[in-house]
There are 2 protein chains.
Amino acid sequence: MPRPRSLTPAALAAAALAVLDREGLPGLTMRSVATELHMSTMALYRYVPDRSALERLVVDLVVSGTDLGLPAGLPWREQLAVLTGRIRTQIGAHPAVVPLLLSHRHTSPGTLAWGDAVLAVLAGAGFGARARVIAFRALLAYLLGALQAGHLGPLSGSGTGVMAGLSGTYPHLAATARAAQAITAGEEFDGGLAIVLRGLSPDS
Amino acid sequence: MPRPRSLTPAALAAAALAVLDREGLPGLTMRSVATELHMSTMALYRYVPDRSALERLVVDLVVSGTDLGLPAGLPWREQLAVLTGRIRTQIGAHPAVVPLLLSHRHTSPGTLAWGDAVLAVLAGAGFGARARVIAFRALLAYLLGALQAGHLGPLSGSGTGVMAGLSGTYPHLAATARAAQAITAGEEFDGGLAIVLRGLSPDS
DNA sequence: GTCGTAGGCGTACCTCGTACACCTAACGGA
DNA sequence: TCCGTTAGGTGTACGAGGTACGCCTACGAC
């Protein structure tokens, strides 16, 4: 067995995440990651079969940092809120991974582990198989949608100027956009999450 | 004023959508759209400044087909369900646009018009400014997330084989994946939507 | 008919992912 | 101690895609 590997998958993922955080998704290229590691571009292909696999490593690095432990005795809605809030925090620290999350959520161990934890809570709360599927997907859809929305500039961001021109054509949108500026991303996420959680029920 | 344009933006969008439907997102290139129109690649740049603008046209073409009319006297939750269902139908007919929707939802007139209609319903239901923002974003987040989830292969799709190997590591996930196969995409979407709608309330 | 403007096009460049062939470092066995 | 094997590391090059640039040309107004 000649020549040990000089890189662990984790180190690769960390380098890629560093590039991603610094330069954003368009800046994440095989060349830029290789440079970050002081290697040649092609050397990366000794560790991953293609770019997609590299992305998966990054997603997993971010998501797998999520604490899945839950204090006993917490009501199930709050358990879900905790798990969802935690993964949002993890991902929120690296906004540029959000688009990657979409394509790799089925294949990353970290994501799967989180899903398993959520389903465990639902099962414990008495959700039957069918209700569990629906509830899980709904929660996941909200999470992904909300992350997405938060990621690519909130309406409130550059909204002001844009919205001014809209008050004629889209009056409700314009009015709401004004109100939106007083709401933080966290409040918005938690508010939306509360809506989804309130709608969940073991017998639906 | 010499030489009238031989193409309308709508025709451009239609051609791009045709390519998109036929070859999927990776098949949508400036070259392929130009070929579809029997033009040279660079001729497209007389109509759009860049690829992103072309994408916006496609998104708008798909979304703007949504009927925003509502029968009077319908309860607000059902009004929202109708509007949401309609836009899902529109987009569902062209699954490959889903990823584009994310990047262009702020800038497409069709999307804005739909948002305005939704906000009108919420306002009519007595939602205050703040509650309206939260409710709207939550609904939008669910919609986008659900479309996304439906788009890139459902867990149920290739899931069977994959899940077999997971029953050890992710027991709940494996069990739920099995149950998921008995649920259609439509039931899943409607079920999740019902959850969100149930959670909505004018005074939150 | 002529002229100016804008539509249409060919070429070329840059960036990316990655196939391929080569060099070389390191470890086990002799 | 030396050597062969094997996998790590690299340079080069190709094809795809977006698009800047400059030329040619069709068309409508006068």
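No hydrogens, no waters, no symmetry mates; every other heavy atom, side chains included, goes into these values. Protein chains get the first letters and strands the later ones, always in sequence-line order, with residue 1 at the start of each.
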Check residues 28-35 of chain A and write down every donor-acceptor pair under 3.5 Å in which the side-chain atom is one partner and the other belongs to a residue at least two apart or another chain.
{"unit_1": "A/T29", "atom_1": "OG1", "unit_2": "A/R31", "atom_2": "N", "d": "3.4"}
{"unit_1": "A/T29", "atom_1": "OG1", "unit_2": "A/S32", "atom_2": "N", "d": "2.9"}
{"unit_1": "A/T29", "atom_1": "OG1", "unit_2": "A/S32", "atom_2": "OG", "d": "3.3"}
{"unit_1": "A/S32", "atom_1": "OG", "unit_2": "A/G27", "atom_2": "O", "d": "2.8"}
{"unit_1": "A/S32", "atom_1": "OG", "unit_2": "A/T29", "atom_2": "N", "d": "2.9"}
{"unit_1": "A/S32", "atom_1": "OG", "unit_2": "A/T29", "atom_2": "O", "d": "2.9"}
{"unit_1": "A/T35", "atom_1": "OG1", "unit_2": "A/R31", "atom_2": "O", "d": "2.9"}

Worksheet item: The side chain of A/M42 lies closest to which of these nucleotides: C/dT18, D/dG9, D/dG8?
Response: C/dT18
Worksheet item: Which nucleotide, D/dT19, D/dG8, C/dG7, lies nearest any side-chain atom of B/Y45?
Response: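 The nucleotide sitting nearest to the side chain is D/dT19.
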Worksheet entry | Pairing residues for B/S40 by the side-chain hydrogen bond (donor to acceptor under 3.5 Å, both in side chains) criterion, not counting sequence neighbours |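 Residues passing side-chain hydrogen bond (donor to acceptor under 3.5 Å, both in side chains) with B/S40: none at all.
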Worksheet, complete the sentence: side-chain hydrogen bond (donor to acceptor under 3.5 Å, both in side chains) filter on A/D60, not counting sequence neighbours, yields A/S108
Is [X] reaching over with its side chain to a backbone N or O of [Y], donor-acceptor style, under 3.5 angstrom?
X: B/R56; Y: B/H104; answer: no
X: A/Q90; Y: A/V62; answer: yes
X: A/Y47; Y: A/P9; answer: no
X: B/D50; Y: B/A53; answer: yes
X: B/R86; Y: B/D67; answer: yes

Item to complete: Please name the pair of heavy atoms, one in A/I195 and one in B/A138, separated by the smallest distance, quoted to 0.1 Å.
Response: CD1-CB, 4.0 Å
Discussion item. Looking at every heavy atom in both A/A180 and B/R137, which two are closest together, and how far apart are they?
Written reply: CB-NH2, 3.8 Å
Quickly work out the [X] [atom1] to [N] [atom2] distance and round it to whole Å.
X: B/R5; N: D/dG28; atom1: CZ; atom2: C1'; result: 16 Å
X: B/Y47; N: C/dG8; atom1: OH; atom2: C1'; result: 8 Å
X: B/L54; N: D/dG18; atom1: CG; atom2: P; result: 10 Å
X: A/M39; N: D/dT10; atom1: CE; atom2: C1'; result: 10 Å
X: B/L44; N: D/dA20; atom1: CG; atom2: C1'; result: 15 Å

Could you write out each protein N or O paired with an N or O of nucleotides 14-17 of chain D at a distance under 3.5 Å?
{"unit_1": "D/dG17", "atom_1": "N7", "unit_2": "B/R31", "atom_2": "NH2", "d": "3.0"}

Report all interatomic pairs (protein N or O, nucleotide N or O of nucleotides 21-24 of chain C) with separations under 3.5 Å.
{"unit_1": "C/dT24", "atom_1": "O2", "unit_2": "A/R3", "atom_2": "NH1", "d": "3.4"}

Worksheet item: What is the bend of the helix from C/dG1-D/dC30 to C/dA30-D/dT1 when you compare the axis at one end with the axis at the other, using five pairs each and rounding to 10°?
Response: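 Helix axis angle between the two ends: 10°.
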Discussion item. Any side-chain N or O of B/T41 below 4.0 angstrom from OP1/OP2 of C/dG10?
Written reply: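 False: B/T41 side-chain N/O out of range (4.0 Å or more) of C/dG10 OP1/OP2.
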Fill in: Geometric class of the B/F127/B/W76 ring pair [parallel <30°, tilted 30-60°, perpendicular >60°]
perpendicular
